[in-house]
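Take a look at the structure set out below.
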Amino acid sequence: QVQLVESGGGLVQAGGSLRLSCVRSGGTLSPYAMAWFRQAPGKEREFAAAITWSGGLALYADSVKGRFTISRDNAKNTVDLQMNSLKPEDTAVYYCAGQAKARGTLKGSSWYDYWGQGTQVTVSS
């Protein structure tokens with residue numbers, strides 16, 4: 001029933017910025033947390049950032065800390081990922097994910113219940 005739709009991906013030069021957005025719809029209850037994961041060709045899906053829905057507490061992977069900022073608007077049911085100082089290594093398909101209730105960890109992809117279709121981010125050198 002819950003649907004997540006990402007947007008904002010594209011091509012950007014190294015050192016540039018990009019802002020991704022995720023819209024949540026169809027749910028009757030608020031999630032415990034929302035997150036962004038990314039997956040490059042031939043690589044495992046990896047955690048990028050997460051935020052709790054009620055308190056707005058954020059968690060970041062070491063690889064993006066200081067460069068990416070996750071935020072949410074509870075009233076609009078949106079989650080954004082502001083990406084600055086982008087590197088070619090950031091090139092991947094970025095997925096929005098939702099955790100229905102507190103369980104497991106915020107970093108593990110297996111603990112999320114809902115996923116978007118993904119949006120491509122390509123960083124050129």
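Along the sequence shown, the residues carry numbers beginning at 1.
- Side-chain contact between R38 and E46 is present, with heavy atoms from C-beta onward closer than 4.5 Å.
- Ion pairing of D62 with K65 is present here, as a side-chain N (NZ or NE/NH1/NH2) and a carboxylate O approach within less than 4.0 Å.
- Rounding to the nearest 0.5 Å places OG1 of T69 at 8.0 Å from CG of L81.
- Considering every non-hydrogen atom in both S125 and A14, the closest pair reads CA-CB, 4.4 Å.
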side-chain contact (heavy atoms from CB on, under 4.5 Å) for S63 and K87? Distances and angles first, verdict last.
CA-CA 11 Å; S63 59; K87 306 174 181 179; over 6 Å; no
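- With values rounded to the nearest 0.5 angstrom, D113 atom CG is found 13.0 Å from Y32 atom OH.
- The shortest non-hydrogen separation linking S17 to S85 is OG-N, 4.4 Å.
- Between S71 and R19, the shortest heavy-atom distance links the atoms OG-NH2, 3.8 Å.
- D80 and S21 get closest at one heavy-atom pair: OD1-OG, 3.1 Å.
- Judged by distance alone, the side chain of T122 and the main-chain N or O of T91 form no donor-acceptor pair under 3.5 Å.
- Residue W53 holds its CH2 atom at 5.0 Å from CG of N77, rounded to the nearest 0.5 Å.
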Starting from the C-alpha separation in whole Å, work towards a yes-or-no answer on side-chain contact (heavy atoms from CB on, under 4.5 Å) for L4 and Y95.
CA-CA 9 Å; L4 304 178; Y95 297 91; over 6 Å; no
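- Note that CD of Q117 and SG of C96 are 12.0 Å apart. Values are rounded to the nearest 0.5 Å.
- Side-chain heavy atoms closer than 4.5 Å link hydrophobic residues (I, L, V, M, F, W, Y) into clusters, and following such links, even through other members, never connects V93 to M34.
- When all heavy atoms are compared, the tightest approach of Y114 to A100 is CE1-CB, 4.0 Å.
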Go through R24 and V2 one step at a time and tell me if the side-chain contact (heavy atoms from CB on, under 4.5 Å) criterion holds.
CA-CA 7 Å; R24 179 180 182 274; V2 175; 4.0 Å; yes
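- Rounding to the nearest 0.5 Å places CZ of F68 at 9.0 Å from CG of L18.
- Between Q99 and P31 the shortest side-chain heavy-atom distance does not fall below 4.5 Å.
- Listed for the Y60 side chain is a donor-acceptor partner under 3.5 Å among the backbone atoms of I70.
- Between the side chain of T52 and the backbone N or O of L57 there is at least one donor-acceptor pair closer than 3.5 Å.
- Atom CE of residue M83 and atom CG of residue L20 lie 3.5 Å apart, to the nearest 0.5 angstrom.
- Between the side chains of Q82 and N84, at least one donor-acceptor pair of N or O atoms lies under 3.5 Å.
- Between F37 and the options W111, Y94, F47, a ring-ring contact (aromatic ring centres under 6.0 Å, His included) holds for only F47.
- In terms of heavy-atom proximity, L106 sits nearest to A33 at CD2-CB, 3.6 Å.
- Under the 4.5 Å side-chain contact rule for hydrophobic residues, L59 and Y112 share a cluster.
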